[in-house]
Amino acid sequence: MTQTQTVAPNRGPDERIICALDVPTVAEAAALVARVQDAVGFYKIGLQLFAAGGMDLARDLKAEGRKVFLDWKLHDIGATVEKAAANLADAGCDLLTVHARPQVMAAAARGVAGSGLKVLGVTVLTSLTAEDLAADDHSLSPADLVERRVRQALDAGVDGVVSSPHEAGRVREIAVAAGRPDFLIVTPGVRPTGAALDDQARAATPEAALQAGATHLVIGRPITAAPDPRAAALAVAESIALI
């Protein structure tokens with residue numbers, strides 16, 4: 001029996017897996033979705049696609065019954081972020097990122113109030129190291145800066161954060177202690193065993209990320225650059241099926 005056959009045909013896709021459509025055009029993204037087929041039900045649209053008709057793609061994916069993560073990392077004055085978030089909430093998408101600054105997060109939370117769109121604060125990019133933060137005049141380590149921003153996210157009333165798998169366990173501890181067991185922890189920098197790290201400085205396997213406390217895994221190239229993206233996605237789903 002092949003690996004793709006081990007997944008029960010009547011089982012829906014594991015929505016903890018978010019496939020990152022980090023490609024230049026909507027046409028390429030749509031082609032990837034067609035290749036992945038039923039193996040993934042949740043897709044990330046980032047800034048690259050945002051500049052190439054990303055909202056049209058988002059609406060198409062929603063019309064097909066899929067979930068959509070708008071990873072646009074909004075960062076502006078509060079009034080602008082609030083209005084932008086309100087407009088995006090009307091599109092029926094599921095997740096939206098903003099920079100984890102207190103004013104920005106609070107404004108986004110007001111903008112999506114009453115909708116199904118959940119706001120995530122981006123803590124520290126998974127491509128950054130302690131040396132990168134020091135060069136940007138941050139005295140805190142990546143872990144300490146994430147912890148500070150998680151507490152600010154909880155105070156701002158957003159639904160979760162984006163952090164590397166390395167900080168997911170501590171984020172979960174802080175959220176549970178604050179009475180927020182439902183707090184979302186979305187982790188990029190997820191690489192199946194044997195996959196290239198690419199530009200991720202703080203990566204982990206899907207199993208390790210979930211065991212640490214992540215609620216969702218953002219996976220791009222290990223799925224989208226695979227010879228068979230559907231098989232690659234199903235392999236990830238199989239690896240975390242019992243977690």
Side-chain angles (χ1 to χ4, degrees), residues 15-16 18 20 41-47 49-51 54-55 57-59 61-62 66-126 128 138 140 142-165 167-189 209 212-218:
E15 291 187 346
R16 294 175 296 175
I18 303 176
F42 212 143
Y43 287 92
K44 187 199 86 166
I45 298 175
L47 284 177
L49 272 179
F50 166 68
M55 276 311 300
L57 176 64
R59 293 186 180 94
L61 291 172
K62 290 302 299 181
R66 304 177 191 272
K67 290 190 173 182
V68 175
F69 172 22
L70 302 176
D71 186 21
W72 294 351
K73 301 178 181 70
L74 302 183
H75 190 189
D76 211 313
I77 63 171
T80 297
V81 170
E82 182 175 349
K83 291 171 183 175
N87 281 341
L88 293 171
D90 290 340
C93 294
D94 301 278
L95 299 176
L96 168 69
T97 53
V98 303
H99 275 275
R101 302 295 190 273
Q103 183 189 67
V104 172
M105 292 188 290
R110 290 194 299 271
V112 304
S115 76
L117 181 59
K118 297 183 183 298
V119 174
L120 307 172
V122 177
T123 56
V124 177
L125 298 177
T126 52
L128 298 180
H138 281 288
L140 299 177
D144 288 342
L145 185 56
V146 168
E147 181 168 335
R148 172 184 289 182
R149 290 178 173 170
V150 169
R151 296 184 187 282
Q152 292 171 333
L154 288 161
D155 289 343
V158 296
D159 301 283
V161 294
V162 176
S163 77
S164 91
E167 289 90 42
R170 183 57 180 148
V171 175
R172 174 61 55 210
E173 290 175 1
I174 295 169
V176 170
R180 290 288 307 278
D182 60 336
F183 199 66
L184 300 179
I185 304 171
V186 178
T187 55
T215 60
H216 294 78
L217 313 172
V218 179

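Here the structure is a predicted model, which means the values were calculated and not measured.
Contact check for R180 versus L154: side-chain heavy atoms found under the 4.5 Å cut-off. Side-chain contact between K73 and L47: absent, with no pair of heavy atoms (C-beta onward) separated by less than 4.5 Å. Annotation: side chain of M105 is not in contact with side chain of H99 (no heavy-atom distance under 4.5 Å). At least one side-chain heavy atom of F69 sits less than 4.5 Å from a side-chain heavy atom of V186. Looking at heavy atoms from C-beta onward, I18 lies in side-chain contact with L95 at the 4.5 angstrom threshold.
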Item to check | V161 vs F183, side-chain contact (heavy atoms from CB on, under 4.5 Å): CA-CA, chis, key distance, verdict | outcome: CA-CA 8 Å; V161 294; F183 199 66; 3.8 Å; yes
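The structure places CD of Q152 at 12.5 Å from CD of Q103, a figure rounded to the nearest 0.5 Å. Rounded to the nearest 0.5 Å, atoms CG (L120) and OG (S163) are 10.5 Å apart. To the nearest 0.5 Å, the span separating NE2 on H216 from CZ on F42 amounts to 5.0 Å. Once rounded to the nearest 0.5 Å, the distance linking CG of L74 with CZ of R101 reads 13.0 Å. Between L217 atom CG and T187 atom OG1 the span is 4.5 Å, to the nearest 0.5 Å. Separation of atoms CZ (R66) and CD (E15) is listed at 11.0 Å; rounding is to 0.5 Å.
When every heavy atom of A106 is checked against every heavy atom of A156, the shortest pair comes out as N-CB, 3.8 Å. Here the shortest heavy-atom pairing between A214 and A168 reads N-CB, 4.0 Å. Of all heavy-atom pairs spanning H75 and V81, the tightest one is C-CG2, 4.4 Å. Across all non-hydrogen atoms, the minimal contact from P165 to A209 is CB-CB, 3.9 Å. A pairwise comparison of heavy atoms in I185 and G213 identifies CD1-O, 3.4 Å as the closest pair.
Applying the salt bridge (charged side-chain N to carboxylate O under 4.0 Å, His left out) rule to pairs touching residues 154-165 yields nothing, sequence neighbours excluded. Applying the salt bridge (charged side-chain N to carboxylate O under 4.0 Å, His left out) test to residues at least two apart or on different chains, the pairs with a partner in residues 77-87 are E82-R110.
E147 meets the side chain to side chain contact (heavy atoms under 4.5 Å, CB included) test with R151, R170, I174; sequence neighbours excluded. Applying the side chain to side chain contact (heavy atoms under 4.5 Å, CB included) test to A109 and every residue at least two apart in sequence or in another chain returns V158. Taking A58 as the reference, I45, M55, V68, L70, C93 meet the side chain to side chain contact (heavy atoms under 4.5 Å, CB included) condition, with sequence neighbours excluded. Looking at residues two or more places apart in sequence or on another chain, you find a side chain to side chain contact (heavy atoms under 4.5 Å, CB included) between A89 and V112, S115, L117.
The salt bridge (charged side-chain N to carboxylate O under 4.0 Å, His left out) test with D94 is passed by exactly one of K62, K67, K44, K118: K62.
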